[in-house]
Amino acid sequence: GLPSVVANATVRLSIVIQNISAITGFYRKGVSYPKFSLYLGLIASVGSIIGTKMALDISGSMFNHILAVVMVVILVLILWNPVRRYRKEGVPVGRRPLILSGICFFFLGIYGGFMHAGIGFLIIAVLSIVNGFDLVKSNCIKVTVALIFNIPAIYIFAMEGKINWAFALFLSLGTASGAWVGSHWSVNNGEIWIRRLLITAVIVFSIKLLGGFNWLFQMFY
């Protein structure tokens with residue numbers, strides 16, 4: 001029941017906490033790319049400031065419609081899987097990929113500041129296609145970059161009084177617990193069930209954002 005801009009702002013704290021946990025897990029397993037992650041994170045942060053300012057000025061109904069379209073795009077990415085189809089194996093982090101990825105992450109930062117939904121798919125796609133990184137390295141860099149560019153977003157949202165801190169804290173506890181359960185469940189049940197659950201959730205959520213299921217929700221409100 002939160003206004004869209006407040007919901008968008010409130011979720012950022014849980015994202016940061018999740019990413020801190022993920023970075024710690026990667027580090028304990030010996031997977032860490034601090035310099036490259038910092039490079040991309042700082043560039044994305046510049047874009048994030050722009051995107052966050054845009055999020056403050058948009059109406060709730062427009063935000064919901066944009067989010068619905070984004071969820072459909074995410075569904076297409078899940079089904080199409082461009083990373084698997086077009087990833088170039090063994091591409092070094094040379095000058096050209098370094099510059100190109102920096103440009104891409106500036107625009108990813110704008111999107112991430114405006115709306116965080118689906119940013120992980122986009123980051124992995126860029127790192128895999130442009131830089132040729134495998135999914136483990138891409139995921140490690142992804143969580144670090146997302147942590148960095150969400151910090152200025154949280155600051156701006158907080159200064160504007162758009163974060164519901166009570167909801168943010170409980171949401172953080174929920175997402176942290178869900179991530180722990182989900183990681184074990186995915187190992188035990190396989191990726192296919194995660195994909196099916198995610199596809200179903202995206203479809204239902206998109207329909208709800210576009211005004212579907214109103215008759216169902218009216219039964220409870």
Side-chain angles (χ1 to χ4, degrees), residues 8-52 55 70 74 77 82-83 87-158 163 168 171-180 182-183 186 194 198:
N8 186 23
T10 299
V11 75
R12 304 307 176 108
L13 180 63
S14 66
I15 292 169
V16 167
I17 291 177
Q18 278 183 300
N19 289 335
I20 291 174
S21 177
I23 292 169
T24 303
F26 278 119
Y27 182 78
R28 288 181 177 179
K29 294 178 181 179
V31 181
S32 179
Y33 308 95
K35 292 183 179 180
F36 189 61
S37 300
L38 181 62
Y39 160 72
L40 295 178
L42 291 176
I43 292 176
S45 294
V46 177
S48 176
I49 294 172
I50 299 172
T52 305
V70 168
I74 293 172
L77 287 175
V83 173
R87 183 163 67 87
K88 302 174 183 178
E89 297 289 346
V91 178
V93 186
R95 185 174 181 179
R96 183 175 297 177
L98 194 65
I99 294 174
L100 182 56
S101 59
I103 294 172
C104 291
F105 270 80
F106 170 73
F107 290 102
L108 288 176
I110 294 177
Y111 173 76
F114 178 75
M115 179 188 304
H116 198 274
I119 190 67
F121 293 103
L122 300 176
I123 290 177
I124 289 175
V126 170
L127 292 175
S128 298
I129 296 171
V130 175
N131 301 105
F133 295 156
D134 59 38
L135 291 180
V136 174
K137 188 171 184 178
S138 295
N139 271 300
C140 178
I141 296 172
K142 176 197 73 177
V143 295
T144 307
V145 172
L147 169 64
I148 294 172
F149 77 65
N150 268 296
I151 291 175
I154 289 176
Y155 176 79
I156 294 172
F157 280 130
I163 298 179
L171 180 62
S172 299
L173 292 174
T175 52
S177 302
W180 185 86
S183 63
S186 63
I194 299 296
L198 186 57

Hey, could you give me the CG/CG distance between Leu127 and Leu40, rounded to the nearest 0.5 Å? 6.5 Å
Report yes or no: does Ser101 contribute a side-chain atom to a donor-acceptor pair with the main-chain N or O of Leu98 at less than 3.5 Å? yes
Side-chain touch Ile148/Thr144, heavy atoms, less than 4.5 angstrom: yes
Indicate the atoms forming the closest heavy-atom contact of Val126 with Cys104, along with that distance. CG1-CB, 3.9 Å
Above 12 or not: heavy atoms from other molecules or residues under 6.0 Å from CZ of Phe107? no
Show the nearest heavy-atom pair for residues Ile43 and Gly102, with the distance to one decimal. CG2-O, 3.2 Å
Side-chain touch Leu147/Ile23, heavy atoms, less than 4.5 angstrom: yes
Stepwise side-chain contact (heavy atoms from CB on, under 4.5 Å) test for Ile154 and Val16: CA-CA 9 Å; Ile154 289 176; Val16 167; 3.5 Å; yes
Would you sort out whether Ile151 and Ser45 count as a side-chain contact (heavy atoms from CB on, under 4.5 Å), showing the intermediate values? CA-CA 8 Å; Ile151 291 175; Ser45 294; over 6 Å; no
So do the side chains of Ile110 and Phe105 get within less than 4.5 Å of each other, counting heavy atoms only? no
Got Asn19 and Val145 here, is their nearest side-chain heavy-atom distance under 4.5 Å? no
Minimal heavy-atom distance between His116 and Ala146, with the atoms involved, is NE2-CB, 4.2 Å
State the CG-CD distance between Leu13 and Gln18, to the nearest 0.5 angstrom. 10.5 Å
Looking only at atom types and distance, does a side-chain atom of Asn8 sit under 3.5 Å from a main-chain N or O of Phe114, one as donor and one as acceptor? yes
Separation of Thr10 OG1 from Ile163 CD1 (nearest 0.5 Å): 6.5 Å
Indicate yes or no: at least one non-hydrogen side-chain atom of Leu100 is less than 4.5 angstrom from one of Pro97. no
Return yes if some donor-acceptor pair links the side-chain N/O of Arg12 with the main-chain N/O of Phe157 below 3.5 Å, else return no. no
What distance do Ser138 atom OG and Ile129 atom CD1 have between them, rounded to the nearest 0.5 Å? 10.0 Å
After noting the C-alpha distance and the side-chain angles of Phe149 and Leu42, does the key distance pass the side-chain contact (heavy atoms from CB on, under 4.5 Å) rule? CA-CA 7 Å; Phe149 77 65; Leu42 291 176; over 6 Å; no
Does some side-chain heavy atom of Asn150 sit less than 4.5 Å from a side-chain heavy atom of Ser48? no
